[in-house]
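By convention in this document, chain letters (A, B, ...) are assigned in the order of the sequence lines, proteins followed by strands, and residues within each chain are numbered from 1.
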Amino acid sequence: MRWSRLFTPTLRDAPADADAVSHKMLIRGGFMRQLHSGHYSMLPLGWKVHEKVAQIVREEMNLIGGQEFLLPAMHPKSLWEASGRWATMGDEMFRLEDRSGNEVGLGMTHEEVFATIATEINSYKTLPQIWYQIQWKFRDEPRPKAGLLRVREFAMKDSYSLDLDFDGLDRNFDLHHEAYLKIFRRLDLDAMPVEASSGAMGGAGSIEFMVASPAGEDDVVRCPNCDYRANVERATSALDAIADDAGPDAPERFPTPGIRTIAALEEAGAPAVSQIKTMVMVVDGAVTLALVRGDHQLNMQKLQDVTGGINIRPATPEETVEHLGANPGSLGAVGVNDEIRILADEALQGRTNLTTGANEDDWHWRGVDIARDVNVAEWVDLREVTAGEACPKCHTPIEIVRCIEAGHIFKLGTQYAEAMGAHVLDADGNKRTIVMGSYGIGVGRNMATIAETHHDDKGLIWPVSVAPYEAVVTVMKVDDEATMAAAEQIYQDLLAAGVDAIIDDRDARAGVKFADSEVIGIPFRLTVGPRGIKDGNVEFTVRNGMVTTDVAVADAAQTVIDAVAVAKG
RNA sequence: CGGGAUGUGGCGCAGCUUGGUUAGCGCGUCGGUCUGGGGGACCGAAGGUCGGAGGUUCAAAUCCUCUCAUCCCGACCA
């Protein structure tokens, strides 16, 4: 490519509405432009990077036996009704009507379609299978943000494993786990696998691949001592046992005028660790109480996971008063009847002599024995761990790191195959439901994650594996014949050796050319100018670290060819 | 959905409080001259429904109402 013909509108300033580093850099480098919230146009360089990321994913999927498909993005309502997800996907699914009035949805993921195709598998002999595609997903996100990190329209590699049994699923899950680690290594992303909530996907278990970054949206618990890693949505920690006084034979009501918060109640003599915090939640329309220790936080995802609820929200003040008879600040579960489901965090199990609201404004109970006085339906893990608590495995204080979710793999099980009727006959002639796994990597998000973690104050620093160009030959004086001829020869040598090179043949000032190559983040640069040519030299600059050395004109191309080869491993 | 902020040539901004010439500035763009190893200088030029609609007024970028868009925070702390 000749830069004089390249369309890549670089900017001196980042747009004011960009906040995340990757967003600013990708806009400044002319990789992409926003069309509207959550939708980006990929410009030539952006698309090149995107496709290099996709190709790495494709290669690693093929290596584990994946077969590439391409499924429709637009799906009939009936398909999603069959799995029950037409309803459960809620507002996150884009829906529209065709001219006949038939409702269709834009695919957010493709379990249903792949499972439908899997109905054509009739014999166990066809299994296992790994099917995948790299295709556009549409999700009406509540809040698109941070450039490509969270968008409403994006390319995703989604793969699906099909097996006769759960042992097979485990094998394919492990194959994907390994393939994903290789993919992230090739993308130069330091991704850590963590236990995760399966969320709306359902299924038996899942692993997220997390890359530490302040631009992320997930918090990951990490033990600095052992290998414990988990999303806060799943993480636990070891708590010190608390020895309570037995307390009175029955709870006692006492007046607490004006006391509305845990902190205020603590000042009034009830330690937060000995309070019950009563969260009034509405789970799919049903008022539910979630109890946690006074000094603990409720994790909504954990509540969602344990209840299996789809729509979960805090109760409104009106609903709270209607069901419990008091306002927030004086709420409790003592004496609440069976009509309201009560879930209590495990940290409250066995506790006595506790304090909690009495469901009458300005009154609380003390001396509460939770087992005796509260009608707990289930003891579950609801609490969000915090940094510094003890690792559940080794008791070292844990840390919490902000992360980008770069990939996610799920052990789905049989639910989609069952819904779509994907069955096979096993060796004994018995009908069996196909066991599925599903595995996703967002191409654009990974591109942004690389940008997020590979830059300096001059711009991006792409790993060679995904760089828009591996090398640029920067011509300092295009009207100097000897300079241009030497640059052209080097450029042709690079192309002949398979290096993805570009020659900057623009009649522009040196500063402009340097700045552009740096903001774009091309890994290697050969600067060819009359000054060096006179001595038979060109300059070789490595973008990462901006180290420049002189090399002989005759060796220049080979220097880059070698550097590219080393970087690609 | 709740809260906050911002919308003025391609990008970054000023002007708005206190309404009043032809709406400015930097960068970028186009033409030219001089330059030529870190976003150069000078001359000239193009490019704007001041997000949109309605209202107040003799007069609106500026005041009022509604609306749309974009960004950030939150989706719990009883």
If we take the [atom1] atom in both [N] and [M], what is their distance in whole Å?
| N | M | atom1 | value |
| --- | --- | --- | --- |
| U62(B) | A23(B) | P | 14 Å |
| C63(B) | U18(B) | P | 9 Å |
| G52(B) | U33(B) | C1' | 45 Å |
| G24(B) | C50(B) | C1' | 12 Å |
| U17(B) | C64(B) | P | 9 Å |
| A53(B) | A60(B) | C1' | 15 Å |
| U56(B) | G15(B) | P | 29 Å |
| G10(B) | G48(B) | P | 8 Å |

**Complete:** Read 5' to 3' with Watson-Crick or G-U pairs under 3.5 Å, [ ] for crossing pairs and | for partners on another strand, RNA chain B gives ((((((((.[[[[.)....(...]]]].((((((.....)))))).....[[[[[..)....]]]]])))))))....
Without decimals, in angstroms, what is the distance between [X] [atom1] and [N] [atom2]?
| X | N | atom1 | atom2 | result |
| --- | --- | --- | --- | --- |
| Lys477(A) | G38(B) | NZ | P | 14 Å |
| Leu331(A) | C76(B) | CG | P | 15 Å |
| Lys513(A) | G40(B) | NZ | C1' | 15 Å |
| Asp504(A) | G38(B) | CG | P | 15 Å |
| Leu289(A) | C76(B) | CG | C1' | 14 Å |
| Asp140(A) | C1(B) | CG | P | 12 Å |
| Arg143(A) | C72(B) | CZ | C1' | 6 Å |
| Arg506(A) | G38(B) | CZ | C1' | 13 Å |

Any base atoms under 4.0 Å from [X], or only sugar-phosphate, or nothing? Heavy atoms, all strands.
| X | answer |
| --- | --- |
| Arg28(A) | base |
| Glu518(A) | base |
| Arg260(A) | sugar-phosphate |
| Ala264(A) | nothing |
| Val292(A) | nothing |
| Leu298(A) | base |
| Asp516(A) | base |
| Pro142(A) | base |
| Arg525(A) | base |
| Thr278(A) | base |
| Met300(A) | nothing |
| His36(A) | sugar-phosphate |
| Gly532(A) | base |

Is the shortest side-chain N to carboxylate O distance from [X] to [Y] below 4.0 Å?
| X | Y | result |
| --- | --- | --- |
| Asp456(A) | Arg543(A) | yes |
| Arg366(A) | Glu252(A) | yes |
| Glu452(A) | Arg445(A) | no |
| Arg402(A) | Asp218(A) | no |
| Glu92(A) | Arg139(A) | no |
| Lys302(A) | Glu384(A) | no |
| Arg260(A) | Asp362(A) | yes |

Give a yes or no on this: more than 12 heavy atoms of other residues, nucleotides or ligands lie within 6.0 Å of atom [atom1] of [X].
| X | atom1 | value |
| --- | --- | --- |
| Glu481(A) | CD | no |
| Asp91(A) | CG | no |
| Asp535(A) | CG | yes |

Can a side chain N or O of [X] be found less than 4.0 Å away from OP1 or OP2 on [N]?
| X | N | result |
| --- | --- | --- |
| Ser37(A) | C71(B) | yes |
| Gln34(A) | C71(B) | yes |
| Lys145(A) | C73(B) | yes |

**Request:** On RNA chain B, check which nucleotide each of Ala508(A) and Val519(A) is closest to and give me the residue with the more 5' one.
**Result:**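 Nearest-nucleotide comparison on RNA chain B picks Ala508(A).
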**Message:** If you assign Val512(A) and Ala20(A) each to the RNA chain B nucleotide with the nearest heavy atom, which residue ends up on the more 5' nucleotide?
**Reply:**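 It is Val512(A) whose nearest nucleotide is closer to the 5' end.
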**Item:** Side-chain H-bond candidate by donor/acceptor type, Arg383(A) with Ser237(A), under 3.5 Å
**Value:**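 Judged by distance alone, the side chains do pair up.
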Which heavy atom of [X] sits nearest to which heavy atom of [Y], and what is that distance?
| X | Y | answer |
| --- | --- | --- |
| Gly357(A) | Trp365(A) | O-CD1, 3.5 Å |
| Ile370(A) | Leu291(A) | CD1-CD1, 4.4 Å |
| Met484(A) | Asp505(A) | CE-CB, 4.0 Å |

**Asked** What string of B, S and - do you get for nucleotides 30-35 of chain B, 5' to 3', when a contact is any protein heavy atom under 4.0 Å?
**Response** -----B
**Fill in**
Going 5' to 3' through nucleotides 3-13 of chain B and flagging B where a protein heavy-atom sits under 4.0 Å of the base, S where only the sugar-phosphate is that close, and - otherwise, we get --------SSS
**Request:** Spell out, as yes or no, whether a donor-acceptor pair under 3.5 Å connects the side chain of Tyr491(A) to the backbone of Met1(A).
**Result:**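 Checking the backbone N and O of Met1(A) against the side chain of Tyr491(A), a donor-acceptor pair under 3.5 Å is found.
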**Asked** Counting side-chain heavy atoms from C-beta on, which of G36(B), G37(B), C72(B) comes nearest to Asp479(A)?
**Response**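 Nucleotide nearest to Asp479(A)'s side chain: G36(B).
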